[in-house]
Amino acid sequence: MSQQNHVHGTMSTTVDPHAGHTSSSMDHSGHDHSGHQMMMIMHAGLKEIIVFPGWKTNNLTDLLISCFALMIIAVSYEALKLFRDRITASRLIKNRKVEVEMQTSKIQSTNRQQTYKEKLLSIEHLIQTILHVIQFSISYFIMLAFMTYNYWLCLSILIGIGIGFFFFGVRRTKIDFLILFHK
């Protein structure tokens, strides 16, 4: 093999999402990538598209604002988990207090357990369902932002999750304890 035909080039770290697609059924003429290709490795660039095409960073100021926004979103994710746990804990504690009062007063219980249908159609369950969907959406939003693989965006998400857990995690542990021993 001749050494003249062997080329030592640099390796590209970007991935063309349309490379290798030769099928005529894949028409991407309507897509505008504006020359931006997603980096599939960790990097420290300033120009990013974060989750939505309209959320772009073009300079350091944009990146810092985006980092702060992602940090706030991550903290709010942890706060939402605490809020959902508090709703559950307050219901369990309320139910437990009613049981204790009935036992101490030796009154015959006229309260019956809620049926599945009653629980399913309760306002509390509806609120918990809505909060669950919001929490799930936020978690996927955070995941997609993390998948920019930008060091600074990833670090801001991790810091936000850490700050959120620092402030709200202690309370969640207390609620977990209450739930465990009030069943």
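Source: prediction; values computed, not measured.
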**Request:** Specify whether Phe141 and Phe52 have parallel, tilted or perpendicular ring planes, treating 30° as the upper limit for parallel and 60° as the lower limit for perpendicular.
**Result:** tilted
**Message:** Run the ring pair (Phe, Tyr, Trp, His ring centres under 6.0 Å) test against Tyr116 and tell me which residues pass, sequence neighbours left out.
**Reply:** none
**Set of side-chain contact (heavy atoms from CB on, under 4.5 Å) partners for Leu121, sequence neighbours left out** = Lys117
**Item:** Of all pairs that satisfy salt bridge (charged side-chain N to carboxylate O under 4.0 Å, His left out), the ones with a partner from residues 139-153, not counting sequence neighbours
**Value:** none
**Asked** Looking at Val75 and Gly160, what are the two nearest heavy atoms and their distance?
**Response** CG2-O, 3.2 Å
**Asked** When hydrophobic residues are tied together by side-chain contacts of less than 4.5 Å, even through go-betweens, does Ile142 share a cluster with Val133?
**Response** no
**Asked** Nearest heavy-atom pair of His125 and Lys119: which atoms, and what distance?
**Response** CB-O, 3.2 Å
**Asked** Which heavy atom in Ile49 sits nearest to a heavy atom in Thr148, and how many Å separate them?
**Response** O-CG2, 3.8 Å
**Test side-chain contact (heavy atoms from CB on, under 4.5 Å) applied to Ile123 - qualifying residues, sequence neighbours left out** = Ile127
**Asked** Does His43 have any side-chain contact (heavy atoms from CB on, under 4.5 Å) partners at least two apart in sequence or in another chain, and if so, which?
**Response** Met39, Glu48, Tyr149, Asn150
**Prompt:** Under a single-linkage definition using a 4.5 Å side-chain heavy-atom cutoff for Ile, Leu, Val, Met, Phe, Trp and Tyr, are Leu153 and Ile65 assigned to the same hydrophobic cluster?
**Reply:** no
**Message:** So, taking the atom named CG in Leu63 and the one named NZ in Lys56, what distance separates them when rounded to the nearest 0.5 Å?
**Reply:** 15.5 Å
**Item:** Same apolar cluster (I L V M F W Y, side chains within < 4.5 Å links), Ile157/Phe136
**Value:** yes
**Message:** If hydrophobic clusters are built from ILVMFWY residues whose side chains come within less than 4.5 Å, do Ile87 and Leu120 share one?
**Reply:** no
**Which atom of Ile163 lies closest to which atom of Met71, heavy atoms considered** = CD1-SD, 4.2 Å
**Prompt:** Does anything in residues 63-90 pair up under ring pair (Phe, Tyr, Trp, His ring centres under 6.0 Å), and if so which pairs, sequence neighbours excluded?
**Reply:** none
**Request:** Search all heavy atoms of Cys67 against all heavy atoms of Trp152 and return the closest pair with its distance.
**Result:** SG-O, 3.5 Å
**Message:** Test of understanding: clusters of I, L, V, M, F, W, Y form through side-chain heavy atoms closer than 4.5 Å, transitively. Do Phe166 and Ile72 belong to the same one?
**Reply:** no
